[in-house]
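Worksheet: one structure, shown below.
Every number for a ligand or one of its atoms is a count from 1 in the order of the listing. If you read the sequence from its start, that first residue is 1, and numbering goes on from there.
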Amino acid sequence: MSKDLTKKAAEMLLKGATLLSEPCPYCSGVRVMKEGHALCINCGREPEKKEIQVEAFQITEQTEIDITLGKKLSELSKELEKETNHEKQQQILRSINLLIETMEKLKSKQ
Ligand SMILES: [Zn+2]
């Protein structure tokens with residue numbers, strides 16, 4: 001297990017990622033999943049996104065909400081990157097936090 005991967009996995013878990021019960025299809029290693037993104041801690045491979053979506057989301061409607069929120073989240077992080085005004089940065093950060101909370105809530109409802 002490489003140190004970088006373990007660190008990455010730990011960071012993902014701290015940010016609310018979950019451990020997948022299904023082992024890695026390539027090496028049978030342990031995988032963590034966050035926002036539809038699964039990462040194998042052992043070999044670092046990420047299987048096809050399509051496969052993960054079938055595993056993780058069974059309700060199409062919910063998947064769409066998730067995709068919308070995900071898009072918004074990446075827009076906000078781009079905004080945050082460009083923003084130099086401290087107050088506006090705080091505002092964007094608050095929005096990002098809210099979005100993440102919403103996403104987590106949607107997931108725990110399942
Ligand atoms: Zn693997």
| With side chains defined as the heavy atoms from C-beta onward, is the minimum distance between Leu19 and Val30 less than 4.5 Å? | yes
| query | Would the number of heavy atoms belonging to other residues, nucleotides or ligands and lying under 6.0 Å from NZ of Lys34 be above 12? | reply | yes
| query | Which protein atoms of type N, O or S are found under 2.8 Å from the Zn ion (ligand 1)? | reply | Cys24 SG, Cys27 SG, Cys40 SG, Cys43 SG
| Note: Glu75-Lys72 ion pair, threshold 4.0 Å (strictly below) | yes
| Would Leu39 and Leu13 show up in the same hydrophobic cluster when neighbours are defined by side-chain heavy atoms closer than 4.5 Å? | yes
| said: Could you report the tightest heavy-atom contact between Ala38 and Arg31, atom names first, then the distance? | reply: CB-NH1, 4.2 Å
| request: Check whether any side-chain N or O of Gln89 sits under 3.5 Å from a backbone N or O of Glu83 as a donor-acceptor pair, and report yes or no. | output: yes
